[in-house]
Every structure is written in structure tokens, then in C-alpha cells.
2 protein chains.
Amino acid sequence: MAARDYGQYCGVTQALELVGERWALLIVRDLLVGPRRYSELASGLHRIPSNILAARLKELQAAGVIRRIPRSRVIVYELTAYGRELEPIVLGLSAWGFKAMDSPRPEQIVTPDSMTISLRTAFRPDAAAALPPTSYTGSFGPAQLHIAVDGPALGVQRGGGPADLVFASDAQIRTLLTGELDSVRVLSGDPRLLDRFAATFRLAA
Amino acid sequence: MAARDYGQYCGVTQALELVGERWALLIVRDLLVGPRRYSELASGLHRIPSNILAARLKELQAAGVIRRIPRSRVIVYELTAYGRELEPIVLGLSAWGFKAMDSPRPEQIVTPDSMTISLRTAFRPDAAAALPPTSYTGSFGPAQLHIAVDGPALGVQRGGGPADLVFASDAQIRTLLTGELDSVRVLSGDPRLLDRFAATFRLAA
DNA sequence: CGGGATCCCTTAGGATACTG
DNA sequence: CAGTATCCTAAGGGATCCCG
């Protein structure tokens, strides 16, 4: 509830008062993938202190960005319609941030939700629309995702499963998304589908 | 130089490590309007402590977002090309934040730079392209701006000067940009140009 | 066990004064 | 004008504990 304010009447300051606190936009990032429970958020944001997560969830609720929903036995948090409007901003930050990144440092982790957002950031609907529907199962370090591309539509689900191409990339997301696919190990499927993947997902280097 | 990190290999966390600290994006906001000196930034962000401004400027330089330029006698800060790529994100936050705003509280100020960004946020190039070139001089509380609309191009300059329409709006930016123009006082020019202004600049309510 | 609340300590941020 | 220096408060970090 702190919301220390900037003393200006401006959309940018207002936005930063709502979602500019530390960790807030990362909670939004993960909720953009889908509703999440407290413990799921805590593990996806593994370094967030528990008191801070609780505080942010309250602030984001008060701001009308998220909603707390008791579902039989468990509680989930989900974005409101207003919160979902942050998607282009979060994806914009994702694309912008990637340009400043080099190789992952050893202590840096990749979570399924952050990887999902990275894939959405890199997804090129125009390129995909020109290609046949294709499914991929990728292991990005510990995060395994099932990726379904059908025309300009992208679906990403946690977990593996059969797919046209199954590959593992050992957390080298960056090389994966910049088109350097040397380090990728193909586990099943036609290796030439890797080129299709590279045409479908692309981040500027 | 703190750049407390989130421990994740993700574009969003990387972006937030570069520009997610308090005040950082507001410095970027003002520099999007043009190069600014230390004292200009300090007065545009009137509540920022001097030590924090100095710290942020160093961090943003180290991040490659801004550049420090000694110009005969004075020093100015300007965005790098990489920093300028934040424009759509800042404008996105501006539009998103406006939706959560109500009337300005008495202690909230409007600065020329923040007002310029608000106008850029509200500018509708498509609507403007269909209208004849028009110039406006508006007083938004203490901030006076000269606004030149020529087809899909928008130019905003500090200060007044002759224009097709001169008006004053007493800090009621919100009503101005949501189309409620009752409170606007026309000082010179054809009052019907107010409707043209309303068609050119529009924020969702 | 999920969903927090509490405690203590560290550090960033705020207010103000001062200097090259 | 363009910053440092200082002091103090409040937010963040880390661990633990609690409750339904």
C-alpha cells in the first residue's frame, strides 16, 4: 500500500505508482501466462521474499491489476482486464531487455513462465502464418514446454509430450532465439524443422 | 550501480535491472522530449533527491541508455539510440496509467516535459492526417506549449507564440484529453478549432 | 501443505546541506 | 551549475514461524 508517489499528474507516474515497485511487473509477467497460486508465483520468482510477494499481491489487487480467486481449496491470482492490457508493455520490455543480454550467468535460472514470455516476445506471426502448423517440445534447462504454432496463433503449455520436433537447448535461450542453433540437440523429429523454428521465433541480437 | 538483480535469465528482468529502479523511467521520459541538463531534470522531477538523480544518471550511462555530453560550459544528457527504443514502452505506460487516473490532486504538478509526453501519447496520427495543418498554443497550468500538427506529424515546443488557436486549460489535462472541453478558455482564434484539437488528441477514459 | 504473517538486519531512498 | 556528503527513515531481503 506504500505507493510512494511522484507528485506529478502524468500517466507515466501513475503507471509507475501502480506497477513500478520492485517485483510487481514480474508478477504481472507470470500471470500473463495464466492464473497462478501463491506458491507458484513464489517459486517462479524464486528470490522474492514472502512478505514482499504478499505485499505486492495486495497492492496489485488494490490497483485493479489482479484479482484473488478462491477456487475450491486453493487460491489463485489472475490478471483483470486492465492488468492484461500490460501485455504489450511487458513484451516490449522483454524485447528491449534481450538486446542488452549476453550469455546467461551460472546463477541465472530460466522458469517455464519466463520462457513462455520469451517465446511470445520472439514469435513472428507473419512468418508463422506462411508455414504449416507445427508442434515443438523444447527443454530449456529445467523448463520444458510444448509449443504449438498454427498459422499466426501461438500456444505454449508447460510440460512435454509428443511433437513434430523434440529438442533440448540447455538454457541457451539466447542463442536459440537469435538463430544460432548449433547448441541445440534434436531428440526426435526431422532436424530440418529447426530452421522452421528459427524462422518462427526471432529476437534481434 | 546497485542493480540488484533478479537472478533470472529473462528479457523482462534484464530490462527492469536497467531501467526498473525508482525514477529511472521518468528520467527517460523527460529525455524523450529532448536533451536536458542536470538542473532541468532536477526541476522537472521536482521531488527527486539530488543524490538519487546523480546515481540514476550514472546507472543509466553504464547501461547504455543515456549519454553525458559536455557542451561548451554546460553538460547535457541525452538518450542513446538504445534508450530511444524505450519510447513505445514509455508511451504505453502513459496511456495505461491515464486510464487509472482521476482528477489531479492539489499537490500534483504538471511539467512541460510530462505534458509533452501526454500529448504524444494522445496524438492520433490517422485522425490528424485527415485535417488541415493547425497550430495551437496551450497553457496547462504552469506549462505552456506550442503544438504544431501537420498531417501525421506532431511537433511540441516549450513556450507560447502565435498560433491558430490559443487556449488555457488550468491543469485539467485529463478533461482536455478525454474530450471534455468545457473548462478550456479560448484566448484567441476560432473556438471551433477546439473540436479539431479534440479529434487530434484523445485518450481513453 | 498452501498461504501467508512476523522478526531482524541490511541497504536503498528521502531530506537537507555543502562544495568545486 | 553540477554534482557530493551526511544523516535518517522506510523498503527490501532472509529466515522462521504460524494457522486453517
Side-chain angles (χ1 to χ4, degrees), chain A residues 1-8 13 16-27 30-31 34-63 66-78 107-109 113, chain B residues 1-8 13 16-28 30-31 34-63 66-78 107-109:
Chain A
M1 268 306 199
R4 301 168 285 170
D5 92 29
Y6 290 102
Q8 302 195 357
T13 53
L16 293 177
E17 285 163 14
L18 297 181
V19 296
E21 299 284 324
R22 192 162 161 76
W23 296 106
L25 273 179
L26 296 179
I27 294 172
D30 286 3
L31 292 182
R36 291 287 179 266
R37 301 157 58 159
Y38 187 94
S39 53
E40 293 174 320
L41 291 170
S43 67
L45 276 32
H46 70 297
R47 304 229 304 224
I48 195 174
S50 171
N51 56 343
I52 299 296
L53 176 55
R56 290 292 170 274
L57 289 173
K58 283 184 185 139
E59 293 160 10
L60 290 172
Q61 276 178 83
I66 69 173
R67 189 183 298 125
R68 181 184 197 267
I69 301 181
R71 268 189 196 164
S72 59
R73 308 296 303 165
V74 298
I75 291 165
V76 299
Y77 296 90
E78 66 175 24
E107 79 279 11
Q108 290 186 311
I109 68 163
D113 287 346
Chain B
M1 268 312 198
R4 301 168 284 169
D5 93 29
Y6 290 102
Q8 302 195 358
T13 54
L16 293 177
E17 285 163 14
L18 297 182
V19 296
E21 300 285 323
R22 192 162 162 74
W23 296 106
L25 273 180
L26 296 179
I27 294 171
V28 171
D30 285 3
L31 293 181
R36 291 288 179 267
R37 300 157 61 161
Y38 186 94
S39 53
E40 292 174 320
L41 291 170
S43 67
L45 276 33
H46 69 297
R47 304 230 305 224
I48 196 175
S50 175
N51 56 343
I52 300 296
L53 176 55
R56 290 293 170 273
L57 289 173
K58 282 185 186 139
E59 293 160 9
L60 290 171
Q61 276 179 81
I66 69 174
R67 190 183 297 125
R68 182 184 195 267
I69 302 180
R71 271 189 195 165
S72 60
R73 307 298 303 164
V74 298
I75 291 165
V76 299
Y77 295 89
E78 65 176 24
E107 80 279 10
Q108 291 186 311
I109 66 164

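Chain identifiers are assigned alphabetically (A, B, ...) following the order of the sequence lines, protein sequences preceding nucleic acid strands; residue numbering begins at 1 within each chain.
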Distance below 4.0 Å between [X] side-chain N/O and [N] OP1 or OP2:
X: B:Ser39; N: D:dC1; answer: no
X: A:Arg56; N: D:dG12; answer: yes
X: B:Lys58; N: D:dT4; answer: yes
X: A:Arg22; N: C:dT11; answer: no
X: A:Trp23; N: D:dG13; answer: yes
X: A:Arg36; N: C:dG2; answer: no

### Query
Which atom names give the shortest non-hydrogen contact between B:Gln8 and B:Thr13, and what distance separates them?
O-OG1, 3.3 Å
### Message
Looking at every non-hydrogen atom in both residues, tell me the closest pair between A:Leu16 and A:Tyr6 and how far apart they are.
### Response
CB-CE1, 3.9 Å
### Donor/acceptor link under 3.5 angstrom from A:Ser50 side chain onto base of C:dA5
yes
### Query
Does any donor-acceptor pair link the side chain of B:Asn51 with the base of C:dG14 at a separation under 3.5 Å?
yes
### Task
Please figure out whether B:Arg37 or B:Ala54 has its closest DNA chain D nucleotide nearer the 5' end.
B:Arg37
Starting at [atom1] of [X] and ending at [atom2] of [N], how long is that distance when rounded to a whole Å?
X: B:Leu53; N: D:dG3; atom1: CG; atom2: C1'; result: 9 Å
X: A:Leu57; N: C:dG4; atom1: CG; atom2: P; result: 7 Å
X: B:His46; N: C:dG14; atom1: NE2; atom2: P; result: 12 Å
X: A:Arg4; N: D:dA10; atom1: CZ; atom2: P; result: 11 Å

#### Entry: Nucleotide nearest B:Tyr38 when distance is taken to its side chain, options D:dG13, D:dA2, C:dG3
D:dA2
